[in-house]
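All remarks here apply to the structure that follows.
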Amino acid sequence: MDTKYLHIKEKSERLTREEEAMLRQAGEIIRSGGLVAFPTETVYGLGGDALNPGSSRKIYAAKGRPSDNPLIIHICRLEDIYRIVSRLPEAAVKIADAFWPGPLTMILPKAEIVPRETTGGLDTVAVRFPSHPAAQKLIAYSGGYIAAPSANLSGRPSPTLAKYVKEDMDGRIDMIIDGGDVGIGLESTIIDMTSDMPRILRPGYITREMLGKVLGKVDIDVTIIDPDSRLVPKAPGMKYRHYAPKGQLAIVEGSPEQVIAYINAHTDADRQAGEKTGVIATAEVLEQYHADVVKCIGSREDEEGIARNLFSILREFDDEKVTSIYSESFPIHGLGQAIMNRLLKAAGHRIVRLF
Ligand code: TXA
Ligand code: MG
């Protein structure tokens with residue numbers, strides 16, 4: 001398949017007439033059963049018509065994704081949610097008011113019209129109303145309901161730039177819309193609104209603290225906080241190894257001095273053994289590492305920067321053929337919870353505790 005490319009200005013509120021026309025064309029592709037990758041405020045998505053079972057099947061095939069792993073339906077107006085859910089609890093309306101459009105996905109009971117191909121066979125549906133202006137336009141031109149997982153091959157880090165979408169999806173989908181850098185860099189927070197107590201299934205930019213302010217108490221899926229848990233996560237996608245770089249990645253936790261000493265000792269030894277070594281380091285201590293490739297993930301003071309850089313750094317290690325990687329660890333409150341959740345998955349839960 002010959003993949004078409006479209007460029008639009010980064011996070012532009014106002015699109016030119018030409019860009020509008022291009023998005024209309026992209027919408028036509030989705031309406032007629034094709035697939036289009038597009039920017040959102042979190043990561044790039046791989047979009048198809050959510051109400052067309054054939055489109056969902058194509059999405060699974062293009063990603064190489066197991067078909068029991070459900071897709072998120074993206075909408076561009078709050079009122080459109082009523083067609084795809086069978087019930088909208090009051091608490092869901094509250095958080096929609098507070099956080100939509102934005103990086104929050106709600107799990108709700110599905111309406112008949114939503115095909116089981118889209119929900120991975122479940123009776124529930126994931127719904128998100130993104131804030132990215134071009135994403136909203138595309139959803140509108142596509143008929144209002146786009147099913148979109150992250151636009152990576154299954155198991156790879158979610159794409160934060162169109163060049164990474166191209167790496168994974170060129171020749172596999174109809175079109176890629178390049179809208180530059182995404183803002184957040186980690187996928188949306190997922191909250192399950194089908195149980196009595198709302199429960200976070202995937203941590204993200206909208207934190208437990210933020211949700212708690214609106215809802216009172218909010219649970220969190222234990223498999224997110226307890227990395228050693230053998231329990232099966234409730235979001236099917238969270239059970240798969242994810243975001244994994246091709247090299248071996250380990251996270252090292254301890255005081256800054258301990259972490260630096262440990263990583264240097266191990267990268268020295270690994271290099272002796274013929275490995276190409278890498279470190280994911282914070283700006284404050286960057287200069288102190290010996291590894292072949294030392295990547296700066298940002299300042300410890302700037303968690304948003306760390307979130308934005310994580311996935312592209314994991315892909316850069318692959319490009320540079322690094323085989324042995326160590327990462328500093330991050331505190332797990334606020335946005336740090338989402339950062340550590342993705343990092344732990346990337347490391348296959350390999351963590352060294354030096355305390
Ligand atoms: O930020 C995002 O959410 C991005 C952008 C493109 O919007 N999308 C995204 O989709 O991350 P995906 O498919 O990569 O991740 C969706 C996650 C998976 O872990 C899936 O198992 C879970 O949502 N999920 C979807 N529907 C569900 C449902 N009905 N019940 C529980 N989990 C569900
Ligand atoms: Mg994904």
Side-chain angles (χ1 to χ4, degrees), residues 35-48 50 56 59-60 62-76 84-86 99-111 114-132 134-136 138-139 146-160 164-165 168-169 177 179 182-195 198-206 221 223-224 232-244 307 311 338 341-342 345-346:
L35 303 186
V36 176
F38 62 100
T40 81
E41 71 277 22
T42 57
V43 298
Y44 276 78
L46 171 54
S56 294
I59 291 176
Y60 290 114
K63 276 182 70 83
R65 172 170 176 154
S67 59
D68 69 344
N69 187 0
L71 308 174
I72 296 174
I73 302 189
H74 295 65
I75 57 175
C76 60
I84 53 171
V85 306
S86 62
F99 303 110
W100 275 0
L104 179 73
T105 296
M106 284 192 237
I107 308 296
L108 293 160
K110 87 172 192 69
V114 179
R116 290 197 181 271
E117 282 78 357
T118 302
T119 65
L122 299 176
D123 292 327
T124 53
V125 61
V127 189
R128 165 157 133 74
F129 179 176
S131 61
H132 195 289
Q136 291 181 357
L138 178 67
I139 296 164
I146 293 188
S150 48
N152 51 283
L153 286 173
S154 191
R156 300 214 70 202
S158 298
T160 50
Y164 298 134
V165 180
D168 285 9
M169 291 296 155
I177 300 176
V182 295
I184 294 173
L186 298 178
E187 309 87 341
S188 62
T189 305
I190 301 180
I191 186 163
D192 183 1
M193 302 304 289
T194 62
S195 47
R199 180 188 294 168
I200 295 173
L201 307 186
R202 179 173 73 182
Y205 186 82
I206 307 291
D221 188 338
T223 61
I224 290 167
V232 179
K234 204 173 166 215
M238 300 296 279
K239 72 176 181 254
Y240 296 105
R241 181 150 183 251
H242 243 142
Y243 319 123
F311 286 154
N341 170 261
R342 306 309 194 276
K345 283 159 97 34

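When a ligand or atom number is given, it counts from 1 through the structure's own listing order. Just so it is clear, the values below take in all heavy atoms, side chains as well, and ignore hydrogens, waters and symmetry mates.
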Expected output: side-chain R199 to main-chain M193 donor-acceptor under 3.5 Å
no

For atom 17 (C) of ligand 1, what is the closest protein heavy atom, and at what distance to 0.1 Å?
I190 CD1, 3.5 Å

If we number the atoms of ligand 1 from 1 as shown, the ones under 4.0 Å from a heavy atom of E187 are 1 (O), 2 (C), 11 (O)

What's the shortest distance from atom 27 (C) of ligand 1 to any protein heavy atom, and which residue and atom give it?
P70 CG, 3.3 Å

Quick one: closest heavy-atom pair of A62 and L35, and the distance?
CB-CD1, 4.1 Å

Closest non-hydrogen protein atom to atom 5 (C) of ligand 1, residue and atom name please, with distance?
T42 OG1, 3.6 Å

When every non-hydrogen atom of T189 is compared with those of I206, the smallest separation belongs to OG1-O, 2.8 Å

So, is S154 placed with an N/O/S atom under 2.8 Å from the Mg ion (ligand 2), counting both backbone and side chain?
no

Test item: I107 and I190 side chains (from C-beta on) under 4.5 Å apart, heavy atoms
yes

Please identify which atoms of ligand 1 are closer than 4.0 Å to at least one heavy atom of S188.
1 (O), 2 (C), 3 (O)

Nearest-0.5 Å distance that lies between atom SG in C76 and atom CZ in F129
6.5 Å

Does even one non-hydrogen atom of T119 get within less than 4.0 Å of ligand 1?
no

Any idea which atoms of ligand 1 are less than 4.0 Å away from a heavy-atom of L122?
28 (C), 29 (N), 30 (N)

Please work out, at 4.0 Å between heavy atoms, whether the side chain, the backbone, both, or neither of I107 comes within that distance of ligand 1.
side chain

Looking at the rings of F311 and Y243, which for Trp means the six-membered one, are their centres under 6.0 Å apart?
yes

Tell me the protein heavy atom at minimum distance from atom 15 (O) of ligand 1, and give that distance in Å.
R202 NH1, 3.1 Å

Establish, from distance only, whether the side-chain atoms of R128 and T40 form a donor-acceptor pair under 3.5 Å.
yes

At less than 4.0 angstrom from any non-hydrogen atom of T124, what atoms of ligand 1 do you find?
28 (C), 29 (N), 30 (N)

With a cut-off of 4.0 Å, which atoms of ligand 1 are near a heavy atom of G45?
6 (C)

To which protein heavy atom is atom 19 (O) of ligand 1 closest, and what is the distance rounded to 0.1 Å?
G237 CA, 3.2 Å

Starting from atom 14 (O) of ligand 1, which protein heavy atom do you reach first, and at what distance in Å?
S150 OG, 3.0 Å

Report yes or no: does a heavy atom of H74 sit under 4.0 Å from some atom of ligand 1?
yes

For R65, which part has a heavy atom under 4.0 Å from ligand 1: side chain, backbone, both, or neither?
side chain

For a quick test of reading the model, state the closest non-hydrogen atom pair linking K63 to N152 and the distance between them.
NZ-O, 3.0 Å

Distance only, no hydrogens: is a donor on one side chain within 3.5 Å (strictly under) of an acceptor on the other, for R342 and S158?
no

Under 4.0 Å between heavy atoms, the region of A148 that gets near ligand 1 turns out to be backbone

Examine the side chains of T118 and S56 and answer whether a donor and an acceptor come within less than 3.5 Å of each other.
yes

Contact atoms of ligand 1, heavy-atom distance to N69 under 4.0 Å
18 (C), 20 (C), 21 (O)

Side-chain donor-acceptor contact under 3.5 Å, T42 with S188
no

